[in-house]
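Numbered from 1 within each chain, the chains take letters A, B, ... in sequence-line order.
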Number of protein chains: 2
Amino acid sequence: MSETKLSARQEAMVEFIGQFIEENGYPPTIREIGKACGISSTSVVNYNLTKLEREGILVRDREVSRGLRLAETLREGMGNLIRVPLVGRIVASEPCPVPGSDFAIFGSDEAIELTRDIVDRNDDLYALQVQGDSMVDAMINDGDVVIMRPHKDVKNGDLVAVWLLDREETTLKRIYKEGKRIRLQPANPTMQPIYIEDPATVEVQGRVVAVIRRPN
Amino acid sequence: MSETKLSARQEAMVEFIGQFIEENGYPPTIREIGKACGISSTSVVNYNLTKLEREGILVRDREVSRGLRLAETLREGMGNLIRVPLVGRIVASEPCPVPGSDFAIFGSDEAIELTRDIVDRNDDLYALQVQGDSMVDAMINDGDVVIMRPHKDVKNGDLVAVWLLDREETTLKRIYKEGKRIRLQPANPTMQPIYIEDPATVEVQGRVVAVIRRPN
DNA sequence: CTTGACTTAGAACGCGCGTTCGCGTTATAA
DNA sequence: TTATAACGCGAACGCGCGTTCTAAGTCAAG
């Protein structure tokens with residue numbers, strides 16, 4: 001779609017509409033747009049509005065007063081904020097909860113709002129709060145919130161939450177598949193890696209996409 | 001103001017209005033509110049609307065179609081997103097930059113958008129990206145982003161960035177004033193604290209309000 | 001020049017929608 | 001009981017506002 005097709009008048013209209021909505025909380029009328037952009041006739045405003053709609057710049061609800069909104073605002077408002085459900089706590093001594101299996105230990109309305117600056121996509125992300133100091137070797141403190149993505153494709157070097165069957169503990173490590181064995185590398189470079197000879201004894205719960213800490 | 005004064009009908013109206021705005025991008029009319037809440041008369045809707053306005057729940061623009069908005073939405077929309085400038089990198093071997101003294105090493109448009117869920121207030125917050133593994137004893141990795149608040153009032157137990165004059169290094173520690181001396185406690189509980197006998201040799205750069213890590 | 005697509009103007013139509021008024025119901029207090 | 005207020009209903013008034021029709025000005029192609 002070419003965006004250069006917008007005339008100066010149409011560009012002014014779009015700018016005014018956006019400004020108006022932000023100021024007043026509701027869209028302007030045809031006549032308000034006309035007055036602001038120096039258009040005397042309502043039909044001209046209507047004409048250009050229909051044009052902008054066909055261009056995809058805005059969405060109109062016909063027969064409705066103030067029934068228009070900017071498509072841009074629609075996407076920005078919906079897409080820039082991501083609500084991630086806080087589904088539970090992660091403790092070393094027990095398997096960490098996942099959204100599918102058990103339900104949330106917090107109310108389902110418990111969620112963390114994040115921006116695209118922190119997590120780019122939102123494909124079934126969920127959040128867990130770390131309890132205890134058992135994750136210090138993963139550079140993660142008590143109280144930290146980890147944002148998880150269901151594992152699906154785990155690549156070498158990913159920071160993942162795994163449940164170790166034989167040790168009966170949950171841990172956060174970087175995972176490397178080295179032939180038949182698996183190496184679990186702590187994030188803290190001063191700690192030693194764990195080598196797992198039997199891949200069946202590790203269950204990857206998910207990949208850590210972000211860690212958020214709020215000291216006191 | 002007592003919030004329990006809302007009747008069931010008024011509460012339903014508020015809920016419907018918020019839902020309607022989110023769905024359509026513009027507020028409902030009096031008659032739409034009435035139909036949705038089972039009110040046959042427009043005057044009743046108008047009556048309760050005026051009541052809600054006096055209660056501070058919503059704002060009305062008189063004589064204007066769809067001229068209403070929720071006060072809550074007003075605050076949330078404007079204030080929920082916080083832009084924090086990314087002013088530079090923090091390295092152990094040099095003093096960390098602060099917004100006032102040196103200017104941003106990144107473009108001034110370099111900023112991170114955060115929500116109120118991560119940082120509550122926005123009083124001159126700024127962000128620094130950690131470079132190097134020198135902060136591992138503060139449980140902070142290479143590449144982590146720390147959100148800082150200019151120090152002002154530093155309380156015991158705050159996680160702060162300090163410049164140590166005699167060691168010539170920047171470090172992130174929890175600070176405790178114990179009489180005349182200062183104790184700098186690493187976040188990693190396995191590490192030993194540093195004791196500073198002369199308070200003049202530490203310069204508090206700011207308080208860490210959040211740490212954000214995005215593993216690869 | 002004529003033709004036709006694009007854009008602007010002005011005016012009229014008609015329903016949308018906020019406002020207002022009268023009146024009935026219920027509740028709490030004097 | 002009456003008085004006052006809070007709350008509800010329905011109808012009518014009147015401007016707000018989207019729609020539509022006619023007409024005219026602009027500009028490039030033929």
- prompt: For the base of D/dG8, is there a side-chain donor-acceptor partner from B/Ser43 under 3.5 Å away?
  reply: no
message: Could you tell me how far apart A/Asp61 (CG) and C/dC17 (P) are, to the nearest whole angstrom?
response: 12 Å
- prompt: Do B/Arg66 side-chain atoms and A/Ser65 backbone N/O form a donor-acceptor pair below 3.5 Å?
  reply: yes
message: In whole Å, I'd like the distance from the CD1 atom of B/Ile30 to the P atom of D/dC9.
response: 14 Å
task: May I ask you to say what B/Asn48 touches in the nucleic acid, namely base, sugar-phosphate or nothing, with a heavy-atom cut-off under 4.0 Å?
output: sugar-phosphate
query: C/dC6 phosphate, OP1 or OP2: any side-chain N/O from A/Lys51 under 4.0 angstrom?
result: no
query: Within the structure, does a side-chain N or O atom of B/Arg62 lie under 4.0 Å from either OP1 or OP2 of C/dG18?
result: no
task: Side-chain contact test, heavy atoms from C-beta onward, threshold under 4.5 Å: evaluate it for A/Thr170 versus A/Leu128 and give yes or no.
output: no
query: To the nearest Å, how far apart are A/Tyr47 OH and C/dA9 C1'?
result: 13 Å
- prompt: Hey, does B/Ile118 have a side-chain heavy atom less than 4.5 Å from the side chain of B/Val84?
  reply: no
query: When you check the phosphate oxygens OP1 and OP2 of C/dG18, does a side-chain N or O of B/Arg60 lie under 4.0 Å from one of them?
result: no
query: Considering heavy-atom distances to DNA chain D, does B/Arg9 or B/Glu63 have its closest nucleotide positioned more toward the 5' end?
result: B/Arg9
field: Residues within residues 31-42 of chain A bordering DNA chain D, heavy-atom distance below 4.0 Å
entry: A/Arg31, A/Thr42
task: In whole angstrom, give the distance that lies between atom CE of B/Met13 and atom C1' of D/dG8.
output: 13 Å
Length of the line joining A/Glu55:CD and C/dT7:P, which is rounded to integer Å: 10 Å
- line: For residues 136-145 of chain B, the side-chain hydrogen bond (donor to acceptor under 3.5 Å, both in side chains) pairs (sequence neighbours left out) are B/Asp137-B/Lys173, B/Asp144-B/Arg213
task: Compare all side-chain heavy atoms of B/Ile90 with those of B/Met135 and state whether any distance is below 4.5 angstrom.
output: yes
- request: Round to the nearest Å and state the distance from A/Arg66 atom CZ to D/dG16 atom C1'.
  value: 9 Å
query: Is there a side-chain contact between A/Val154 and A/Arg207 (heavy atoms, below 4.5 Å)?
result: no
- prompt: Any side-chain N or O of A/Asn46 less than 4.0 Å from the OP1 or OP2 oxygen of D/dG18?
  reply: no
Distance, rounded to the nearest Å, where A/Gln10 contributes CD and C/dT8 contributes C1': 12 Å
- request: For B/Phe16, check ring-ring contact (aromatic ring centres under 6.0 Å, His included) against everything at least two apart and list the hits.
  value: B/Phe20
- prompt: Rounded to whole angstrom units, what separation is found between the CG atom of A/Leu52 and the C1' atom of C/dT7?
  reply: 14 Å
